[in-house]
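What follows is a single structure, written as C-alpha cells, with notes after it.
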There are 2 protein chains.
Amino acid sequence: MNDGMHPQMGQSLLFLTDEQLRKGIEAMFFAYRGFTADPDRILAEKSYGRAHHRAIHFIHRNPGTTVNNLLSILGVTKQSLNRVLRTLIEDGLVASTVGKQDKRERHLHLTSDGAELERALSDAQRDRMRAAYRAAGPDAVIGFRQVLEAMMDEDARRHYEAMKDRTE
Amino acid sequence: MNDGMHPQMGQSLLFLTDEQLRKGIEAMFFAYRGFTADPDRILAEKSYGRAHHRAIHFIHRNPGTTVNNLLSILGVTKQSLNRVLRTLIEDGLVASTVGKQDKRERHLHLTSDGAELERALSDAQRDRMRAAYRAAGPDAVIGFRQVLEAMMDEDARRHYEAMKDRTE
DNA sequence: ACAATACGTCAGCTTTGTTGACATTCCAAG
DNA sequence: CTTGGAATGTCAACAAAGCTGACGTATTGT
C-alpha cells in the first residue's frame, strides 16, 4: 500500500492514486466489451455493424433529425455515416424525407422494420445494463453516471444532456 | 413521468426503468469516446492505433506474458494481434524472448522506449480519469466500478480480477 | 447574382478485425 | 523414438468503419 504517496495527501484522496485510476481504466476497457457484446451478436446475423447500431439508436432517440445533426452526435465524417445510412435506407429500416422549411435538409426516421430492429438491439443491451444496475444497486448507479458524465468531452456532454431528460 | 411502470414496482426500483437504462447506455457511449480521445491523439502522432495501445498497456501490466495469454486478455485473433505486435517489435518498443521451460512460448516485455510510450499514454488517460474521479467524488467512484464490473463478461471479469490487486 | 450550406457520392487509403491454410518448433505420451 | 497435438508465426484474402480530398446539385440567405 501507500504507493509513494505524499503523507499530507490524507485519507480522503486515496481514491485518486494511480493504482485506483488504472483499475478504473481497465474496468472501462473490459466493461465496454460486455456493453457491446449482445447487440453485436444480433447485428452479425443481419450483417450490420456497430456503426449501424449507433445510427439506428440516435435516429430513434431524435426522430426527424437531420444528417448534419446526426453527424455531430456520432462524431464521424459524413462519408462514413453516409455509407451506413445508405444501406439502412436501401434495406427499408430508415426513411429520409426532404425538409419542409429547408429543402436541403433530410429528416431521418425509423420505419416500422427499423423500429423493430431498434427494439431488439436495445432490449439486448438494456438486459445487460439492467442486470448490472440491479447487481450494483441504486447508489452505485448514481456514481456510475456521475463519473461517466465527468469523463465526456464538452461537445459529447452537450449532446448527452440535450437528449437526457427528453421524457421527464 | 411514470413511464407505464407497474404501481407495485415501488420507489426502490425506479433506477431500473428503461429510461434510466437508456441514459446509462448513452453515457457509456459518450464517455468511452472521451476515455480514448487523449491517448488517440498521442498514438496518431506516432501512427499507431488503439490496438497498439492495448497491447502496450497489457504487456506493461503483465511483464513476461505469453502471446496466448495476451490474446485471451484482448479477445482478438492471433493474426490481428501479431500484426500489431510485429510493428511494436520492429520499432523496438516490445521485446519478445523465447520461453525457458517451454521454448514455443514467447515472453513479451516492454523495452525502455516501450515503457516511455506506455507512460505517456497512461499519463494522458489517467489525467482525464483523475479529473472525472475528482469531480464525481469517492462514493461515485465506488459505484462506477461496481456497475462496470457487473457489466463484464465472465472471462473478462476473470482477467480483470486477476490483474486487479497485483500491487496491493 | 453569388456565396454558403446541406447533402450525396466517387476514389483511395488506413486500421483493425475476421477466416482459412500451412510451416515450424517443441513437449509429452505412447 | 516416434508421433500427435499445442504454441507460434506467416501468407493471403477479405470486411467494417473510420479518414481525406474532390466534385456535383439543390437550396438558401446575403
Side-chain angles (χ1 to χ4, degrees), chain A residues 29 32-33 36-37 39-59 62 64-91 94-109, chain B residues 29 32-33 36-37 39-59 64-91 94-108:
Chain A
F29 170 70
Y32 201 79
R33 273 224 308 247
T36 57
D40 280 356
R41 268 186 286 273
I42 296 172
L43 291 159
E45 288 171 21
K46 310 204 186 298
S47 59
Y48 288 139
R50 265 180 223 175
H52 299 85
H53 185 188
R54 292 197 280 266
I56 287 173
H57 176 96
F58 286 110
I59 291 172
N62 303 275
T65 183
T66 64
V67 173
N68 249 9
N69 183 50
L70 195 54
L71 237 41
S72 127
I73 292 172
L74 295 173
V76 298
T77 60
K78 65 174 177 175
Q79 293 91 331
S80 196
L81 175 59
N82 190 256
R83 180 173 31 200
V84 165
L85 227 39
R86 190 168 32 193
T87 73
L88 291 175
I89 292 169
E90 280 170 7
D91 295 355
V94 167
S96 166
T97 62
V98 175
K100 283 199 165 180
Q101 303 115 323
D102 189 336
K103 292 177 191 167
R104 291 170 303 179
E105 297 182 339
R106 302 300 140 91
H107 296 287
L108 303 171
H109 296 268
Chain B
F29 170 70
Y32 201 80
R33 272 224 308 246
T36 57
D40 280 357
R41 269 186 286 273
I42 296 172
L43 291 159
E45 288 170 20
K46 311 203 185 297
S47 57
Y48 287 140
R50 265 180 223 176
H52 299 86
H53 183 188
R54 293 196 280 265
I56 288 173
H57 176 95
F58 286 110
I59 292 171
T65 183
T66 64
V67 173
N68 247 12
N69 182 50
L70 195 54
L71 237 40
S72 124
I73 293 171
L74 295 173
V76 298
T77 60
K78 64 177 177 174
Q79 293 89 333
S80 195
L81 175 60
N82 190 257
R83 180 173 32 202
V84 165
L85 228 38
R86 189 169 29 192
T87 72
L88 291 175
I89 292 169
E90 279 170 7
D91 296 354
V94 169
S96 166
T97 61
V98 174
K100 284 197 165 180
Q101 303 114 321
D102 189 336
K103 292 177 190 166
R104 289 168 302 181
E105 295 182 342
R106 304 299 141 91
H107 296 286
L108 304 171

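Just so it is clear: chains get the letters A, B, ... in the order the sequence lines come, proteins before strands, and each one is counted from 1.
- Side chain B:Arg104 to base D:dA6: a donor-acceptor pair is found below 3.5 Å.
- B:Ile59 has its side chain within reach of B:Leu85: a pair of non-hydrogen atoms, C-beta onward, lies under 4.5 Å apart.
- The shortest side-chain heavy-atom distance between A:Tyr48 and A:Asp91 falls under the 4.5 Å cut-off.
- Nearest to the side chain of B:Lys78, among C:dT18, D:dT8, C:dG8, sits D:dT8.
- Of the residues near DNA chain D, A:Gln101 and A:Ser47, the one whose nearest nucleotide (by heavy atom distance) lies more toward the 5' end is A:Ser47.
- If you check distances only, the side chain of B:Arg106 never reaches the base of D:dG9 with a donor-acceptor pair under 3.5 Å.
- With hydrogens and angles left out, the side chain of B:Gln79 and the base of C:dG20 share a donor-acceptor pair within 3.5 Å.
- The distance between atom NE2 of A:His107 and atom P of D:dT27, rounded to the nearest whole Å, is 13 Å.
- Dashed line: the shortest gap from a side-chain N or O of A:Arg83 to OP1 or OP2 of C:dC7 is not under 4.0 Å.
- OP1 or OP2 of D:dC19 sits under 4.0 Å from a side-chain N or O of A:Thr77.
- Take the nearest nucleotide of DNA chain D for A:Ser80 and for B:Thr66: the residue whose nucleotide is more 5' is B:Thr66.
- Note: B:Phe58 and A:Phe29 have tilted aromatic rings, judged against thresholds of 30 and 60 degrees for the angle between ring planes.
- In this structure, B:Asn82 does not reach the D:dT8 phosphate: none of its side-chain N or O atoms is under 4.0 Å from OP1 or OP2.
- How far CZ of A:Arg106 is from OG1 of A:Thr65: 14.0 Å, rounded to the nearest 0.5 Å.
- Out of C:dC27, D:dC19, D:dT8, the shortest distance to the side chain of B:Asp102 is found at C:dC27.
- Checking side-chain atoms of B:Thr87 against main-chain N and O of B:Val84 turns up a donor-acceptor pair under 3.5 Å.
- What separates OH of B:Tyr48 from C1' of C:dT14 is a distance of 15 Å, to the nearest Å.
- The CG-P distance, from B:Leu70 to D:dT8, rounds to 10 Å in whole Å.
- For A:Asn68 and C:dC7, the shortest distance from a side-chain N or O to OP1 or OP2 is below 4.0 Å.
- In the set D:dT8, D:dC19, C:dT16, D:dC19 carries the atom at the smallest distance from any side-chain atom of A:Val76.
- Summarising the geometry, the separation between CG on B:Leu108 and P on D:dG9 is reported as 8 Å, rounded to the nearest angstrom.
- Residue A:Arg86 is in sugar-phosphate contact alone, with no base atom involved, counting any heavy-atom pair closer than 4.0 Å across all strands shown.
- Applying the 4.0 Å criterion to OP1 and OP2 of C:dT15, one finds that B:Arg50 has every side-chain N and O outside that range.
- Here A:His52 lies in heavy-atom contact (under 4.0 Å) with sugar-phosphate atoms only.
- The distance between atom CG of A:Leu71 and atom C1' of C:dC7, rounded to the nearest whole Å, is 10 Å.
- For the pair B:Lys103 NZ and D:dT8 P, the computed distance is 16 Å after rounding to whole Å.
- With rounding to whole Å, A:Ile56 atom CD1 is found 11 Å from D:dA17 atom P.
- When rounded to the nearest whole Å, the span between CG of A:Leu43 and P of D:dA15 equals 18 Å.
- The two residues A:Leu88 and A:Ala55 make their nearest non-hydrogen contact at CD1-CB, 4.1 Å.
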